[in-house]
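Numbering of ligands and ligand atoms starts at 1, following listing order. We count residues from 1, following the sequence as given.
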Amino acid sequence: MIMETFPSDVKYVLLWLLCSIMFNSVTCSLKVHCNEKDMHTLLQFKQGVTDPSGFLSSWLTQQHCCHWTGIQCDNITGRVTELNLPCHAGDKDHKSHCLSGELNLSLLQLQFLSYLNLSNNAFKSIQHSPKCVHMSRDTHSHQCTNASNLQVLDLSYNHDILIDNLHWISHLSSLQYINLDGVDLHKETNWLQLVTMLPSLLELHMESCQLENIDPSNQYANFTSLQVLDLADNNFLSDKFPTWLFNRSCDISHIDLSQNQIHGQLSKMLTNIGSWKSLNLSYNALSGPIPNWIGRLEQLQELDLSYNSFTGPIPKSLGNLSSLVVLNLSSNNLNGNLPESLGQLFNLKALSVADNSLTGIVSERNLLSLSKLKHLSLSSPALTFDFDPEWIPPFNLQGMWLGYVGGKLPSWIFTQSSLRVLVITDSTASFEPLDKFWNFATQLEILFLSNNSIGRDMSNVLLTSKIVWLNSNNLRGGLPGISPSVVVLSLGYNSFSGSISPLLCHNMTEKSNLKALYLGNNFLTGELGDCWNNWESLIVVSLGNNSLTGMIPHSMGSLPNLLSLDLNRNNFYGDIPLSLKNCKNLLILDLAYNNFSGGVPRWMGQSLKALQLRSNQFSGNIPPQICQLNSLMVMDFANNTLSGPIPHCLHNTTAMLSDSTTTSTNEISFRVETTVSIFFEIVIPVELLIKGSESLYQDMVYVIDLSSNSLSGTVPLEIFMLTRLQSMNLSHNQLVGTIPEEIGNMKQLECIDLSSNRLWGEIPQSMSALSFLGVLNLSFNNFMGKIPSGTQLQSFTNLSYEGNHQLCGPPLSKFCPKDEEYNNTKSIVEDDDYTSAVHSWFYMGLGIGFAVLDVYPWTSYLTQVFTRATPLHALALSTT
Ligand SMILES: *[C@@H]1O[C@H](CO)[C@@H](O)[C@H](O)[C@H]1NC(C)=O
Ligand SMILES: *[C@@H]1O[C@H](CO)[C@@H](O)[C@H](O)[C@H]1NC(C)=O
Ligand SMILES: *[C@@H]1O[C@H](CO)[C@@H](O)[C@H](O)[C@H]1NC(C)=O
Ligand SMILES: *[C@@H]1O[C@H](CO)[C@@H](O)[C@H](O)[C@H]1NC(C)=O
Ligand SMILES: *[C@@H]1O[C@H](CO)[C@@H](O)[C@H](O)[C@H]1NC(C)=O
Ligand SMILES: *[C@@H]1O[C@H](CO)[C@@H](O)[C@H](O)[C@H]1NC(C)=O
Ligand SMILES: *[C@@H]1O[C@H](CO)[C@@H](O)[C@H](O)[C@H]1NC(C)=O
Ligand SMILES: *[C@@H]1O[C@H](CO)[C@@H](O)[C@H](O)[C@H]1NC(C)=O
Ligand SMILES: *[C@@H]1O[C@H](CO)[C@@H](O)[C@H](O)[C@H]1NC(C)=O
Ligand SMILES: *[C@@H]1O[C@H](CO)[C@@H](O)[C@H](O)[C@H]1NC(C)=O
């Protein structure tokens, strides 16, 4: 009653005070009325949104809009101040429950909005009012945006959004924080000018935005208040270090320009900014020396210059940076000694100088005062370790990466009771006393010791680390035991012998976590054993190049997660068991170079990408069911005794068609976490070596190899529709017919081998347009006429054409008879039963084939992955 005489705002204050006393303030604040205009704006936003999980189900007109999910209002005025609807999703492929549809920026009409967070959703497009698009920077159109109070804008990781225009952002003059990570901004070339117009901006995050332009038209960026600038992982192609960023004294303290392609040398301009705390320039192409003046950036806590091309010595002045917590100089071309001054950096937690050309001696003097050190990475071929065997370090490491260690391992390693990650590669050091070492290793979560010369009988060792990576050593004897905690066991390229049964068939007390088992390139014998039911978590089994024998046991089908099974180069025999059908997710099945027999399986799962049956005794026809494998990229049935025709339906294996959505980056990957915030990303790409061109493909290639069988009939026209095919080998069969003009559409072809068949007719002119063609073998057929001119086909030697007596023209020395062309239609074959005279053929003898496929997945690449990205990446991660 009294209240009615008060102006409305005062009334709310009183009401609020009153009930604050009587109830708790939460319930009170909700009593405030929702502003009509705000509610209307929110509902308009909702209209464009697709909301599969019903996050916005509370957004109803009957309800007070300050109660709606994700909305906060001002307790007093009832105006909307916060819109907080991020989506919680693991990765970008699992966002089906998140908000999608259209993000209508009419939201920015919410006059009192100060916080907007829609990160990690799946919005498909962004809609800004047409009025805002072409506004000049001087016009202050209040119709465009009224959200002059907006301080925080987070639209990050809406990966499908392409923002072609950022003009609207320059009007949000109160903005302090912008995060557009992962949003495609490549069309906005003027982004820099627009964000520099924001006078209060403190943090700008534009990581992975596909930005291209970093060269500003003005001489410096007018960031008046900016402190954090994150522009990592864009496409800046700058041949000069972007000095303009630093051409001004300002308060900037954190800058991340990593993973761009910035060239040039470090500029002294960097010293203009006294407030540096973190500088990340890793993964660029910077060169020249690391200058001495870098020691003047006294407040620096993180310096990451790794993965560039810096040369010269490590400046001693780095020892002055007493605040430094992370120093990463790895993977450059630095030379000279490791300065002892670095041993004074008593705040240092992570130090990496690995993978440079450092020389000289590393001793305790280099690490003397590093009492806080947690991660150490030292690995350069010419660096000599010379530690006092009695030395007890002031630090207790969690992760260590050493390489090229000669002599003995530094004995202080055994004092490191917190060590969880140990990487030692390329060393000749003795790991003596071995019992002490393996005992010490039980505390490690990651034990990565590849390419050393550790020799020992391992049969009585129990391995317990999550990742055990002992490839390329001299390990021998029976296989070691593993505990249920092991996730990756890789013992390839050693001299293990005996059976794998003791490893797999012992009594398990707990469920195993093993995901990858790699025992390839050893001397293992015996059968696979029928104990696979104990190992359901396996996704990769790789046992190639041993002397294993027997049939594939039935229990192998009980591996529901299996993605890759590699049994090549052993002595296995028998049929492929039907139980493998249960491995529904299988991507790669490599049985090459064994004695398997029976028919090509008709029941493989749809996901199969590579089926490699080379050099076995498979017989019968190629079943048409093979065409239903619409993800198939590698079909290698070479050197078997298959007969009958090549199925006509091959164009149904749609992955090989050009409009297919199948991606060739066929990575099997997973992450192994540790308790010391280092994770390892295990990437297992399928690599194929095409011998003909001796190139190693990182991505998967598209290959059909049916060579050295007894296939007959015409080459189906459909095979020439597979325009993604990179290698086609049909040699050494009894195929007939001609090469159609359509072969010219197979623009990706790098190898063609049709040798030693009974093909005939002219070589189509269109073949001379196959510009990637590196291997061509048409020998020992009955091709005829002039080899089409154009540089491509003439670049091969006459070996590619020999045994075709009626071929003429370069590169063959035989001249073509002038004015008298061959007529390849009709006349020659009279009694053929082929449908089209254009595709008719006749007979010829033998020739030399070229072997195409040889598959050794993941060994070499994995080491690369490990030595390249992970340990260092992990270092950086672990301290942030
Ligand atoms: C408004 O209410 C919220 C709780 O709903 C409270 O956290 C906040 O401090 C209040 N703000 C003011 C200005 O009282
Ligand atoms: C937005 O929400 C996500 C998820 O809760 C959170 O991680 C992020 O820090 C928020 N952004 C801002 C700027 O608060
Ligand atoms: C976005 O919202 C505005 C209202 O502010 C409306 O006029 C416009 O039609 C909406 N855009 C779309 C595409 O729905
Ligand atoms: C913006 O605010 C002004 C008053 O400050 C008002 O006149 C105008 O209608 C508002 N525009 C929109 C689109 O809400
Ligand atoms: C830099 O920005 C400030 C504040 O926005 C402005 O006053 C000043 O004129 C700008 N300087 C230049 C050269 O654009
Ligand atoms: C730095 O900015 C000034 C203008 O303030 C300009 O004259 C100079 O050329 C700039 N230097 C560089 C290296 O961009
Ligand atoms: C495994 O367990 C079974 C029964 O649980 C037992 O009979 C067998 O002897 C055990 N084998 C080994 C090698 O311990
Ligand atoms: C073909 O397979 C047989 C066994 O099946 C093997 O002996 C021979 O070496 C293989 N040839 C090639 C070229 O791989
Ligand atoms: C090939 O695909 C077509 C249409 O997708 C289908 O009708 C046909 O049965 C398939 N053929 C084979 C052998 O898979
Ligand atoms: C090839 O045959 C076609 C049709 O039979 C004829 O028109 C053409 O003249 C012949 N060419 C030569 C070079 O004999």
Best match, N640, N639, N595, N616: closest heavy atom to atom 12 (C) of ligand 8: N639

V152 neighbourhood, listing ligand 2 atoms whose heavy-atom distance to it stays under 4.0 Å: 13 (C)

Sub-4.0 Å atoms of ligand 2 with respect to non-hydrogen atoms of H88: 4 (C), 5 (O)

Y177 N/O to ligand 2 N/O under 3.5 Å: no

W59 side chain vs T69 backbone, donor-acceptor pair below 3.5 Å: yes

Exercise: do T549 and N571 side chains pair donor with acceptor under 3.5 Å: no

Contacts of E527 that satisfy side-chain hydrogen bond (donor to acceptor under 3.5 Å, both in side chains) - sequence neighbours left out: none

Over all atoms of both residues, closest heavy-atom pair of L56 and L85: CD2-CD1, 3.6 Å

Close approach, N179 and ligand 2, non-hydrogen under 4.0 angstrom: no

Shortest reach to atom 4 (C) of ligand 8 by a heavy atom, considering only H732, Q617, R614: Q617

For N117, the ligand 2 atoms whose distance to one of its heavy atoms is below 4.0 Å: 1 (C), 2 (O), 3 (C), 8 (C), 10 (C), 11 (N), 12 (C), 14 (O)

Residue, atom name and distance, where the atom is the protein heavy atom closest to atom 14 (O) of ligand 2: Y115 OH, 2.7 Å

N84-ligand 2 polar pair, N/O distance under 3.5 Å: no

Heteroatom distance test (S615, ligand 8): nitrogen or oxygen, under 3.5 angstrom: yes

Atoms in ligand 2 flagged as close to S119, the criterion being non-hydrogen separation under 4.0 Å: 1 (C), 2 (O), 3 (C)

Non-neighbouring partners of H205 that pass ring-ring contact (aromatic ring centres under 6.0 Å, His included), sequence neighbours left out: Y177

Under 3.5 Å: donor-acceptor pair, side chain of N260, backbone of N234: yes

Under-4.0 Å salt bridge between D74 and R79: no

Proximal ligand 2 atoms for D154, defined as those under 4.0 Å from one of its heavy atoms: 1 (C), 8 (C), 10 (C), 11 (N), 12 (C), 13 (C)

